[in-house]
Protein chains: 2
Amino acid sequence: MNIDRRSGCPINLSLEVFGDRWSLIILRDMIFGGRRHFRELLNGSLEGIASNILADRLKRLMELGLLTKADDPSHKQKAIYSLTEMAITLVPIMAQLGAWGRVWLPVSEELSIRAELLEKGGPPLWEQFMDELRHEHLGAPSRTPPGTPTVRQQLRAAYEAVVERKAEELRHIKTEA
Amino acid sequence: MNIDRRSGCPINLSLEVFGDRWSLIILRDMIFGGRRHFRELLNGSLEGIASNILADRLKRLMELGLLTKADDPSHKQKAIYSLTEMAITLVPIMAQLGAWGRVWLPVSEELSIRAELLEKGGPPLWEQFMDELRHEHLGAPSRTPPGTPTVRQQLRAAYEAVVERKAEELRHIKTEA
DNA sequence: GCAACTGATTGCAAAATGCAAGCGGATTGG
DNA sequence: CCAATCCGCTTGCATTTTGCAATCAGTTGC
């Protein structure tokens, strides 16, 4: 996978960056799942990426300027990957993709609740989330007042509420049967 | 290229629909370039898609519900492709992709002017454009008041203004030399 | 000392892509 | 009326990319 520069069209160039089946999945797991290590990305994602593809894409995303890599001080062999500003500004695209998929595709409820929250929150929520990512990945000062829940916490809470409700429904069905 | 259903995540499912190098390019040319025929898509796009890939993607996009095909009454051999509502609602994604690419990638000026216009117009302009596409492709009643320029006309005018300005600059350089 | 874990790499089969040529039928120009 | 052109699309084939499993050398915890 290399860059062709087929044309100078912005949509085409964007597609040449992440118009494949894995690059955006990796970025999604880093942005929304908070994953920073190779193994987290390898085992954590639902879709099951192969290790050679993951290695290739991480390298490529670094070359393209979307990721940086640093040594993890706690473990000499661990590498920690960080999002760049370029990758953080993909949040609105991710939100739109999620919103579109939620309407038109057979999404599962527990996985689409985050897209729904992100859609309802709109650009202000996206901005808050991007600020949090800048804090996490770029060391920028945190702009969220202390005490307020982070966007990732909100997303996680929403997800767990759905899972809990579904488990509850299942218990009801079982006791009825 | 088939659908895996790797997971029920909205972003993943969206990627399974157009996470390849050509599907979105074809939709871009239909949405922004107004192309409706096989040959128009084959020869018209800057990126140069191969005819077998184009045939395959058109078929796939029809199966996925993004396109429909009909006979062109004016020419017994021509097929005319139409966008469905599912495809028309990709406009916001296209706009975000264009906006992101314009910031981070080496776009050419004459091709990025449309992305700029679409970004500046924001959601209201996107809505107007989607209405026009519904009129063109789905036969919906036109909601743009007569006399007002269509979004596609605006995009084209902006593009041609840049091309004209560049030609003018070139003439200046030549006379100076 | 050793099992488990770290970020990868290797070999190989399967699938997708790119490219050029061609197909049967429809239309057009002279 | 006939040849040239155009229509959507297919075929054959070489190249590239992907998927999968096994494996690697270094690091860590016990």
Side-chain angles (χ1 to χ4, degrees), chain A residues 1-7 12 15-27 29-30 33 35-64 67-83, chain B residues 1-7 12 15-26 29-30 33 35-64 67-82:
Chain A
M1 285 231 19
N2 56 344
I3 288 283
D4 293 3
R5 292 281 149 77
R6 301 182 294 187
S7 84
N12 173 59
L15 277 180
E16 295 195 10
V17 169
F18 44 73
D20 72 285
R21 288 171 101 64
W22 291 113
S23 299
L24 260 196
I25 295 288
I26 294 167
L27 290 165
D29 286 344
M30 291 189 67
R35 309 194 206 281
R36 310 284 299 259
H37 301 292
F38 190 93
R39 290 280 160 172
E40 286 179 336
L41 289 162
L42 187 64
N43 304 320
S45 97
L46 294 162
E47 291 86 6
I49 188 170
S51 64
N52 53 349
I53 310 272
L54 176 58
D56 178 77
R57 290 301 186 281
L58 287 172
K59 184 170 151 238
R60 199 179 109 96
L61 290 171
M62 283 171 53
E63 286 166 359
L64 289 169
L67 298 180
T68 57
K69 182 164 104 171
D71 292 336
D72 187 330
S74 77
H75 188 302
K76 285 192 180 157
Q77 214 170 0
K78 268 188 181 170
I80 188 158
Y81 290 93
S82 298
L83 300 167
Chain B
M1 287 229 17
N2 56 344
I3 289 282
D4 294 0
R5 291 282 148 76
R6 299 181 296 186
S7 85
N12 173 58
L15 276 180
E16 294 197 9
V17 169
F18 42 74
D20 71 284
R21 285 170 103 61
W22 291 111
S23 298
L24 261 196
I25 294 287
I26 294 168
D29 286 343
M30 291 190 67
R35 309 194 206 280
R36 310 284 300 259
H37 301 292
F38 191 93
R39 291 278 163 172
E40 285 179 336
L41 289 162
L42 187 64
N43 304 321
S45 97
L46 294 161
E47 290 86 7
I49 187 170
S51 62
N52 53 348
I53 310 272
L54 176 58
D56 178 78
R57 290 303 185 280
L58 287 172
K59 183 169 152 239
R60 199 178 111 95
L61 290 171
M62 284 170 52
E63 286 167 359
L64 290 169
L67 298 180
T68 58
K69 182 163 103 172
D71 292 337
D72 186 331
S74 77
H75 189 300
K76 284 189 181 158
Q77 214 171 0
K78 272 187 181 170
I80 190 160
Y81 289 93
S82 298

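Just so we're on the same page: letters track the sequence lines, and every chain starts at 1.
- Between the CE atom of B:M62 and the C1' atom of D:dC9 there is a distance of 13 Å, given to the nearest Å.
- Here D:dC9 presents its P atom at 12 Å from NE2 of B:H37, a figure rounded to the nearest Å.
- Protein atom NE2 of B:H75 is 15 Å distant from nucleotide atom P of D:dT5, rounded to whole Å.
- Between B:I25 and A:L15 the shortest side-chain heavy-atom distance falls below 4.5 Å.
- B:K69 comes within contact range of the sugar-phosphate backbone alone, with a heavy-atom separation under 4.0 Å but no base atom that close.
- Sparse packing is recorded around CG of B:D71, with 12 or fewer heavy atoms of other residues, nucleotides or ligands lying under 6.0 Å away.
- Straight-line distance from the CZ atom of B:R6 to the P atom of D:dC20: 11 Å, rounded to whole Å.
- Considering only heavy atoms from C-beta on, B:L67 comes within 4.5 Å of B:L58 through its side chain.
- Remark: P of D:dT27 and CZ of A:F38 are 18 Å apart, rounded to the nearest angstrom.
- Between the CG atom of B:L41 and the C1' atom of D:dG8 there is a distance of 12 Å, rounded to whole Å.
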Q: Evaluate the salt bridge (Lys or Arg N to Asp or Glu O under 4.0 Å) criterion for residues A:D72 and A:R36: first the C-alpha distance (whole Å), next the side-chain angles of each, then the deciding distance (0.1 Å), finally the verdict.
A: CA-CA 10 Å; A:D72 187 330; A:R36 310 284 299 259; over 6 Å; no
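- B:I53 places none of its side-chain heavy atoms less than 4.5 Å from the side chain of B:R21.
- The heavy-atom pair separating A:S7 from B:L46 by the smallest distance is CB-CB, 3.9 Å.
- Using a 4.0 Å cutoff on non-hydrogen atoms, the parts of residues 49-57 of chain B near DNA chain D are B:S51, B:N52, ordered by number.
- Between A:M62 and A:T68 there is no side-chain heavy-atom pair separated by less than 4.5 Å.
- With rounding to the nearest 0.5 angstrom, the CZ atom of A:F38 is 15.0 Å from the CD1 atom of A:I80.
- From the 5' end on, the contacts that DNA chain C makes with chain B at under 4.0 Å to a non-hydrogen atom open and close at C:dA16 to C:dT27.
- The interatomic distance linking B:D20 (CG) with D:dT18 (P) rounds to 12 Å, in whole Å.
- In this structure, CD1 of A:I26 is placed 13 Å from C1' of D:dT18, rounded to the nearest angstrom.
- When atom types are taken as modelled, the side chain of B:H37 and the backbone of B:A79 share a donor-acceptor pair closer than 3.5 angstrom.
- Heavy-atom nearest nucleotides on DNA chain D were determined for B:N43 and for A:R21, and the one closer to the 5' end corresponds to B:N43.
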